[in-house]
Amino acid sequence: MKQLIRSIALALAVAGAVISCSNDKTVTGSNISEAAISKAVSELAPNAIDSQLMERGVRGCASLWRESDGGEAEFIDFVLSSYENTPEGKRKLFDRVSYAMEAISGCSNDLALRLQRPTVLAGDEPTAIDYAFSAFSPFSHLSEDLYGNKIAFIIALNFPFYSLAEKNALGMDWDELQWAYARMGDMYTGRHPAEISQAFSAANSAAENYIASYNIMMGHLLTEDGERLFPEDMCLLAHWNLRDEIKADYADVPNAAAKQEMIFKVMEHIVLQDIPQCVINNPEYDWKPYSNTVWKDGKEIAAEPEGAERYARILDVFHANQALDAWDPQMPSGIIRNFESSMEVSDEVIEKLFVRLVGSDEIKATGKLIASRLGRELRPFDIWYDGFKSRSTMSEDNLTAQTRALYPNAAAFKKGMPEMLRKMGFSAEDADYIADKIDVEGARGSGHAWPSQSRWQPSLLRTRIGAEGMDYKGYNIAVHEFGHNVEETLDLYYVDHYIMSGIPNSALTETMAFVFQKRDLQLLGYPFAGVDENTTLDIFWGAYEIMGVALTDMYTWRWLYDNPSATAEQLRDAVVRIACDVWNQYYEPVLGTHDCPLLAVYSHMVNSPMYLPNYPYGHVVEYQLEEYLSQFTNRADFANELKRVFSQGRVTPDVWMKRAVGEEVSVEPLIRAAGKIVNR
């Protein structure tokens with residue numbers, strides 16, 4: 001506590017003054033004058049633990065106060081009666097808030113999960129009412145309710161907000177309680193009306209439902225000669241399963257190159273939105289992607305293109321974000337909220353990291369190496385080249401036979417989790433403990449990991465399992481999601497304070513998921529080579545792939561804020577242009593094909609806007625972490641380090657990385673390592 005108090009002066013120097021005030025009011029919407037703030041501060045000052053920290057809390061509280069909360073006299077009375085002026089009182093308040101918030105978060109999370117089950121889990125087709133309930137958010141009124149009964153103000157008053165710059169400057173010296181106090185200060189920095197929060201939830205839910213059913217019936221794709229290249233019953237979800245099929249076709253399988261070219265053409269149609277509407281998630285029609293013609297009963301028929309539906313969904317999510325902006329003075333745009341708040345890394349820093357790697361000479365050299373291995377010039381779909389993984393030389397059919405035998409259903413995967421953890425190096429006790437905190441459910445879409453919000457709930461691994469069992473593609477994705485679940489368990493049950501549970505950002509939880517996914521064959525009983533040259537190049541090329549996609553997503557949102565009145569058709573044209581521009585600058589020199597729109601195919605652009613930067617950022621962190629973990633050749637030591645690293649709690653990414661491996665996040669180690677391999 002003393003270190004926290006002594007640090008306030010440094011914090012102010014690092015980030016500047018606290019919430020700025022005009023001569024009359026604090027921020028827009030507040031009805032508290034500077035005079036009222038000064039009066040409250042002067043009356044609290046004689047007994048305050050630290051006057052600067054106290055004033056910060058008062059000003060933060062004032063910025064959130066509205067006329068409906070009371071006049072200035074009520075504000076002053078509230079502040080004087082609610083400020084805890086002793087360390088003991090503040091700690092007691094912290095403990096009580098932590099207990100209550102875990103109860104509220106856990107119960108609300110449970111309700112949301114139950115309402116969404118019909119739309120996200122495998123089973124009967126959802127009805128209209130199922131989709132309506134899935135769009136309902138039990139959290140939408142929670143924030144305003146807590147403002148209404150003054151709980152939010154008590155928290156904001158006693159646990160002031162620290163900016164990202166302050167957390168990074170001070171956080172290396174904070175202990176977990178100091179960090180927990182700072183994280184409690186993040187809870188109430190903006191005030192969104194319930195109807196706006198509900199609309200935000202509805203827009204995101206609609207986008208998620210749109211993507212979850214965007215299947216391509218591969219057995220109904222025809223070459224121009226009428227040949228079917230894929231099994232008749234093959235159904236692939238865009239974009240994930242389409243991408244994974246391209247990866248699988250680097251193995252020695254029939255018609256591999258023709259399959260990849262056809263999938264590439266399908267992806268182009270999805271991005272351009274000239275894909276026939278009737279062939280999406282519909283096995284009643286045959287489709288020739290090259291001529292973009294639709295056939296039924298051997299005859300060509302007229303078919304309407306999808307148009308701009310994909311981009312209308314993005315636009316709806318943008319407008320839902322835009323509606324929040326005016327109510328969040330410290331984070332006044334979706335871009336700022338995503339990077340400064342969610343990722344806790346600025347978009348400028350992210351952009352600089354990504355551009356450095358995708359524009360590097362080492363990428364060009366790696367492309368030449370891949371071309372020499374393939375014995376041909378590279379094509380755009382080679383962005384998903386999978387030849388640096390040992391499994392790419394193995395028969396996927398044999399692997400699928402193995403995974404289907406092991407995991408015929410969700411219950412079998414659940415039962416097998418302790419053994420998988422033991423193969424990773426976890427002790428039998430840890431393996432059983434962690435696995436017990438995770439439940440497995442069959443998913444309607446590609447699947448995901450859903451974290452617990454309380455220590456009485458399991459986290460959920462939702463994964464797609466076919467009627468014959470889990471195929472290898474599904475298994476690989478499930479292992480990735482399993483990594484998320486393990487991280488979610490470690491950072492919930494192995495931290496000292498509930499408020500610190502979680503990971504600094506989604507990129508770092510992707511790091512754990514990548515660590516697991518890379519060892520999917522090890523979990524099937526095959527040896528893991530470690531971070532060898534192939535592993536290094538695999539991470540390097542994987543980062544190259546997803547960084548261009550992430551830049552396209554980021555630039556799209558900058559365009560949206562510059563063009564907030566755009567139509568779905570205008571957005572479609574802009575996204576295609578942005579994707580082509582990024583491609584022409586960083587990908588055409590390596591993969592060829594001018595004006596290729598492939599970078600805009602990722603479904604995350606629709607249902608998880610600006611989430612994509614988490615993946616390449618995670619790849620960069622993954623390499624640094626894998627390089628660090630390579631020194632632990634004993635599996636038990638390896639698992640113990642995973643436990644240590646991923647139980648740091650929700651510090652910032654900068655502090656997390658420095659504590660984990662001793663250095664900040666940087667692409668340079670990965671670029672150097674790849675360069676040594678491809679340039680020798």
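For this chain, numbers begin at 1 and follow the sequence in order. Computed over heavy atoms, backbone and side chain alike; hydrogens, waters and symmetry mates excluded. Computed from a predicted structure; not experimentally measured.
No donor-acceptor pair closer than 3.5 Å links the side chain of D110 to the backbone N or O of G106. The backbone N or O of A40 lies less than 3.5 Å from no partner atom in the side chain of E43, so there is not a single donor-acceptor pair. In this structure, Q648 contributes its side chain and R659 its backbone to no donor-acceptor pair below 3.5 Å. Listed for the S501 side chain is a donor-acceptor partner under 3.5 Å among the backbone atoms of Y498. No donor-acceptor pair under 3.5 Å is formed between the side chain of R462 and the backbone N or O of A443. The main-chain N or O of Y131 is found under 3.5 Å from a side-chain atom of S134 such that the two form a donor-acceptor pair.
Checked against the 6.0 Å centroid threshold, F318 and Y561 count as a close aromatic pair. Ring-centre distance between Y188 and F161: not below the 6.0 Å cut-off.
Between V97 and M184, some side-chain heavy-atom pair lies under the 4.5 Å cut-off. Using a 4.5 Å heavy-atom cutoff, the side chains of S108 and L111 are not in contact. A heavy-atom distance below 4.5 Å is found between the side chains of L490 and M512. Side-chain contact check for H497 versus L177: some heavy-atom pair is nearer than 4.5 Å. Side-chain contact between L642 and L629 is present, with at least one heavy-atom pair separated by less than 4.5 Å. Residues S459 and I438 meet the side-chain proximity criterion, which asks for heavy atoms closer than 4.5 Å. Put simply, the side chain of D328 reaches to within 4.5 Å of the side chain of R337, judged on heavy atoms. When side chains are defined from C-beta on, I336 does not count as touching S341, because their heavy atoms never get closer than 4.5 Å.
In this pair, W174 and W179 present their aromatic rings perpendicular. The plane angle is above 60°, beyond the 30 to 60° band. Using the six-membered ring where Trp is involved, Y615 and Y611 have ring planes that are perpendicular, over 60° apart on the 30 and 60° scheme. Ring geometry, W65 versus F78: the interplanar angle falls from 30° to 60°, so the pair is classed tilted.
Sorted by first then second residue, the salt bridge (Lys or Arg N to Asp or Glu O under 4.0 Å) pairs that include residues 610-619, not counting sequence neighbours, number zero.
In summary, E344 and R650 do not engage in a salt bridge, as defined by a charged side-chain N under 4.0 Å from a carboxylate O. Taking 4.0 Å as the cut-off between side-chain N and carboxylate O, E208 and R313 do not count as a salt-bridged pair. A salt bridge links R191 and D69; the closest N-O separation between the charged side-chain nitrogens and carboxylate oxygens is under 4.0 Å. Between K92 and E88, no side-chain nitrogen of the basic residue sits less than 4.0 Å from a carboxylate oxygen of the acidic one, so the salt-bridge criterion is not met. E102 has a carboxylate O that lies under 4.0 Å from a charged side-chain N of R455, or vice versa, which qualifies the two as a salt bridge.
W656 approaches G649 most closely through the heavy-atom pair CD1-O, 3.9 Å. The nearest pair of heavy atoms linking D173 to Q178 is O-OE1, 3.7 Å. A pairwise comparison of heavy atoms in D316 and A203 identifies O-CB, 3.8 Å as the closest pair.
Note that OH of Y617 and CG of N505 are 6.0 Å apart. Values are rounded to the nearest 0.5 Å. To the nearest 0.5 Å, the span separating OG on S647 from CD on E176 amounts to 8.5 Å. Put simply, CG on L492 and CD on Q457 are 9.5 Å apart, with the number rounded to the nearest 0.5 Å. Separating the CD1 atom in I434 from the CE atom in M424 is a distance of 10.0 Å, to the nearest 0.5 Å.
Cation-pi geometry between K437 and Y493 is met: the NZ or CZ atom falls under 6.0 Å from the ring centre, inside 45° of the normal.
The environment of NZ in K39 is sparse: at most 12 heavy-atom neighbours from other residues, nucleotides or ligands sit within 6.0 Å.
Side-chain polar atoms of E488 and T509 form no donor-acceptor pair below 3.5 angstrom. A donor-acceptor contact closer than 3.5 angstrom is absent between the side chains of D130 and T119.
Residues passing the salt bridge (Lys or Arg N to Asp or Glu O under 4.0 Å) test with D186 are K167, R183, sequence neighbours excluded.
Considering H619, E664, E663 as possible partners of Q624, the one that fulfils the side-chain hydrogen bond (donor to acceptor under 3.5 Å, both in side chains) test is E663.
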